[in-house]
S.K.: 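One structure, as structure tokens, below. Some questions next.
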Amino acid sequence: MPSTHPLRELSLTDLRRRTSIKWREHPDDVLPLWVAEMDVLVAPPVVEALTAAVTSGDTGYPHGNAYAEALADFAAARWGWEGLDSSRTAYAADVMTGIVEAIGLVSGSGDPVVVNPPVYPPFFGYVEHAGRTLVDAPLGEDGRLDLDALEAAFIRAGADGRPVTYLLCNPHNPTAVVHTSDELSAVAALASTYRVRVVVDEIHGPLVPEGFVPYLSVDGTEDAFAVTSASKTWNLAGLKAAVMIAGERAAQDLARLPEVVSHGPSHLGMLAHTVALREGTPWLDDLQADLAENRALLATLLDKHLPDVRWAAGPGTYLAWLDCRELGLGDDPAAAFLEQGRVALNPGPTFGEGGAGHVRLNFATTPEILTEAIERMGRVVPPPTP
Ligand SMILES: Cc1ncc(COP(=O)(O)O)c(C=O)c1O
């Protein structure tokens, strides 16, 4: 099949017609490079399946296990992981709901949940909304897991005998770090030593071109849960559905999941995600190629227009975690980039400890928009006086 360019198909005019949050939150003179939506059309097989469902009136409630089975086949083909047993899965409306439900299976009100800031901001809000207590195990300066900090957090969190849960993000949002199997084995060993239950968010997993290691594929993770979805990879957040996966020993916990949780995902969401996993890999290959080009373009643009920004590019997501501490724009550079540069980014401080002076930039857009955005950002920062 000839390759296509998912990230080269839309113009700014097309995109401005969109009604989702990315394109409507800010006025029209702002270039939106914030929330994790991609500026792509939907993969053709998904369009066909959705069109067929809608035109034939197949718009009722979901049934069956096709989504988990498609995910298991995708995991085997793409990651060489044969161990995803679709009988140990359940469905939730979306990944964050699945995470909260998994946490609910292994802990109670007020119990601690360890997270690794800087991290996807809703981790804080959802954990608090679930009535749990957040415990920070900050990442290292390199944006990777700091295993000593993690161990210290496990000890601190468990000091008064409460059950401890660890919410891991694999790959990590915002640093785009893909955890290695050694790192994940070390996490599993620590979790076992301190009797910590691990819930891992793998929503960006299918996007990783190579080297993604599903947490449950690592030895010693049998009592953990993973929650994932095709939504991020195929840009289907508006078609809600997610899969919760239990390790072998967590299956008995998953069996206690209230039946009503399965009412969350929509039939069209399940259908779209299933088709994406089964038939959307050529489109995904093309997307990954475009993202790789955009990642390289971003590095070149930063060199030229914002040479004092530091960025450790990771392969895990289409999100770039930019260290702007040397720009003199204070703790929240996103405010200056928005007000003066008319570019919307995610403010670093919302990602928790380690977020000050940073912004998160979504480069899943066209090269033209990316170029214009970085040029605008460059103009916000005054050139050094000679
Ligand atoms: C790490 C991570 N988890 C969860 C989500 C949200 O997923 P959902 O809409 O399925 O809850 C996102 C969205 O960008 C994300 O980056």
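No hydrogens, no waters, no symmetry mates; every other heavy atom, side chains included, goes into these values. All values reported here derive from a predicted model rather than from experimental measurement. Each ligand, and each atom within it, is numbered from 1 in the order the structure gives.
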S.K.: To the nearest 0.1 Å, how far is atom 3 (N) of ligand 1 from its closest protein heavy atom, and which atom is that?
M.R.: D201 OD2, 2.5 Å
S.K.: Below the 3.5 angstrom mark, is there an N/O of V95, backbone or side chain, next to an N/O of ligand 1?
M.R.: yes
S.K.: Salt-bridge test for E37 and K22: reply yes if a basic N is under 4.0 Å from a carboxylate O, no otherwise.
M.R.: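 Result for this pair is no, no salt bridge flagged.
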S.K.: Can you tell which part of A237 has a heavy atom less than 4.0 Å from ligand 1: side chain, backbone, both or neither?
M.R.: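 The answer is neither.
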S.K.: At a 4.0 Å threshold, what atoms of ligand 1 neighbour a non-hydrogen atom of A36?
M.R.: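 Result: 14 (O).
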S.K.: Give the residue, atom name and distance (to 0.1 Å) of the protein heavy atom nearest atom 9 (O) of ligand 1.
M.R.: D94 CB, 4.1 Å
S.K.: If every non-hydrogen atom of P214 is compared with every non-hydrogen atom of W79, which pair is closest and at what distance?
M.R.: CG-CE3, 3.6 Å
S.K.: Against ligand 1, does A242 come closer than 4.0 Å with any heavy atom?
M.R.: no
S.K.: Tell me, which protein residue and heavy-atom name are nearest atom 7 (O) of ligand 1, and how many Å apart are they?
M.R.: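 The closest one turns out to be I203 CD1, 3.2 Å.
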S.K.: I need the nearest protein heavy-atom contact for atom 14 (O) of ligand 1: residue, atom name and distance, please.
M.R.: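 Checked against all protein heavy atoms, atom 14 (O) of ligand 1 sits closest to K232 NZ, 3.0 Å.
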S.K.: Short list, please: which atoms of ligand 1 are under 4.0 Å from a heavy atom of C169?
M.R.: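 That gives atoms 1 (C) of ligand 1.
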S.K.: Salt-bridged, E372 to R376, with N to O below 4.0 Å?
M.R.: yes
S.K.: Take the angle between the ring planes of Y67 and Y91 and call it parallel below 30°, perpendicular above 60°, tilted in between.
M.R.: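 Parallel, since the angle between the ring planes stays under 30°.
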S.K.: Take the angle between the ring planes of F154 and Y166 and call it parallel below 30°, perpendicular above 60°, tilted in between.
M.R.: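 Taking Y166 first and then F154, their aromatic rings stand perpendicular (interplane angle over 60°).
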S.K.: Before signing off on this row, confirm whether K240 and ligand 1 have an N or O atom pair separated by under 3.5 Å.
M.R.: no
S.K.: Is the gap between the ring centers of H358 and W321 under 6.0 Å?
M.R.: yes
S.K.: For atom 6 (C) of ligand 1, what is the closest protein heavy atom, and at what distance to 0.1 Å?
M.R.: Y120 OH, 3.2 Å
S.K.: Ligand 1 and M96, any nitrogen or oxygen pair closer than 3.5 angstrom?
M.R.: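 Yes, there is a polar N/O contact under 3.5 Å.
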S.K.: Do the side chain of R162 and the main chain of G158 share a donor and acceptor less than 3.5 angstrom apart?
M.R.: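 Checked: no pair found.
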S.K.: Between the side chains of N170 and H204, is a donor N or O closer than 3.5 angstrom to an acceptor N or O?
M.R.: no
